[in-house]
Amino acid sequence: MSERQPQKELNGCAASLCAWFEEGQRHLPWRIEPTPYRVWVSEIMLQQTRIEAVLGYFERFMRELPTVQALAEVDPDRLMKLWEGLGYYSRARNLQKAARQIVSEYGGELPADYDALKGLAGIGEYTAGAIASIAFGIPVPAVDGNVLRVLARLTGCERDVMNGAVRRELTALAASLVPTDRPGTFNQALMELGERVCLPNTMPRCEHCPVAYACAVAGSERAAALPVRAPKKPRRIEERTVYVLLTKGTPGAVLLHKREDNGLLAGLWELPNTLRTSTYTLPVAGMRRVSDWLPLPESRHIFSHIEWHMNGVLALVEPCELPEGYAFCDEAALMRDRALPTAFRAYAHMLPTWLNQSPTKG
Ligand code: SF4
């Protein structure tokens with residue numbers, strides 16, 4: 001199938017999309033009160049995360065950190081606790097970095113300027129476009145993976161949408177379609193179409209699409225095969241041992257380790273873990289184990305480029321002096337301000353039980 005000259009065919013689409021969105025949009029908290037701060041936080045939370053998963057986090061975040069100032073000043077461990085379970089924690093760290101930039105450079109108000117927004121930590125072209133158009137009414141496009149898919153299908157684009165030139169072409173097309181009077185509505189309509197109708201990896205629901213009349217692949221088998229994407233590199237697999245080390249006594253405390261400030265799960269607290277070896281080794285020199293090793297179930301976690309295959313092991317240890325980067329943490333601290341990444345969920349969800357009833361004999 002050949003690609004079409006899109007502009008002519010797509011004239012009129014913006015009006016159809018805006019009308020469809022205004023009639024059927026979901027009433028989400030950041031849409032009901034679209035202040036720049038709320039739009040920004042919601043857009044960052046929604047990256048790689050489903051709307052349903054974000055809703056509870058967003059409300060809690062706004063209750064505790066209702067302003068840019070509050071976000072700039074919150075204790076980083078508390079911020080991670082508010083983000084616990086959402087994943088991709090660098091998003092939260094960048095939110096705070098950007099909040100501090102906004103306070104120091106823009107008097108605490110997000111700048112009403114696309115390029116200035118793009119200069120803030122964690123804000124790329126898509127997010128800058130979303131905030132600029134939705135919160136400030138600036139007519140710029142907001143093209144994420146969902147929108148790329150819709151545009152590729154609308155135009156019958158058979159080229160790899162991850163290719164820079166193709167992406168730029170589709171973004172330019174989106175820019176040419178953005179209406180000056182309702183840019184935010186249009187961008188949200190395209191996103192919502194991608195989420196609810198023009199679905200990924202399956203046959204889209206073309207019979208419900210407000211722009212099917214202008215679409216190059218409406219109702220055809222070809223729609224499900226678009227967009228074309230170069231295959232991803234397979235993920236690297238790492239075999240790891242995760243140590244659950246509890247101090248003797250009830251209630252006890254668990255040993256946590258703070259990760260380096262860069263790389264995977266940067267700066268987060270974790271259960272100590274190492275690449276798997278044939279024997280178990282306590283992670284802190286001089287620490288004394290006072291029980292047998294108790295093997296725990298295996299667990300897996302998938303990051304974007306890497307997959308952890310973990311085996312857990314538990315033991316009781318004597319409380320001892322710890323080097324920097326390690327801490328014994330009781331249940332109250334775990335609940336209040338120690339966010340453990342989702343990767344450790346299989347073990348972390350048992351911690352309250354283990355801390356209150358010693359799972360192994362000392
Ligand atoms: S007609 Fe179908 S393929 Fe085309 S944009 Fe609408 S939902 Fe997507």
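One-based numbering, in listed order, for ligands and for the atoms of each.
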Can I get a per-line list of side-chain donor-acceptor pairs under 3.5 Å for residues 38-46, giving both atom names and the distance, sequence neighbours left out?
from: Arg38; atom 1: NE; to: Glu33; atom 2: O; distance (Å): 2.9
from: Arg38; atom 1: NH2; to: Pro29; atom 2: O; distance (Å): 2.9
from: Ser42; atom 1: OG; to: Arg38; atom 2: O; distance (Å): 3.2
from: Ser42; atom 1: OG; to: Val39; atom 2: O; distance (Å): 2.8
from: Glu43; atom 1: OE1; to: Tyr126; atom 2: OH; distance (Å): 2.7

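Protein N/O/S atoms closer than 2.8 Å to atom 4 (Fe) of ligand 1, listed by chain and residue number, are Cys215 SG.
Under the 3.5 Å distance criterion, the side-chain polar atoms of Thr247 are matched with a main-chain donor or acceptor of Ala253.
Between Trp83 and Tyr57, the distance from one ring center to the other does not fall under 6.0 angstrom.
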List the steps, then state whether side chain to side chain donor-acceptor pair (under 3.5 Å) holds for Arg91 with Thr49. CA-CA 12 Å; Arg91 294 182 295 174; Thr49 313; 3.2 Å; yes
Please assess Asn146 against Arg149 for the test side chain to side chain donor-acceptor pair (under 3.5 Å), listing each intermediate value before the final yes or no. CA-CA 5 Å; Asn146 262 333; Arg149 178 175 66 255; 2.4 Å; yes
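Side chains of Met191 and Val147 form a contact here, defined as non-hydrogen atoms less than 4.5 Å apart.
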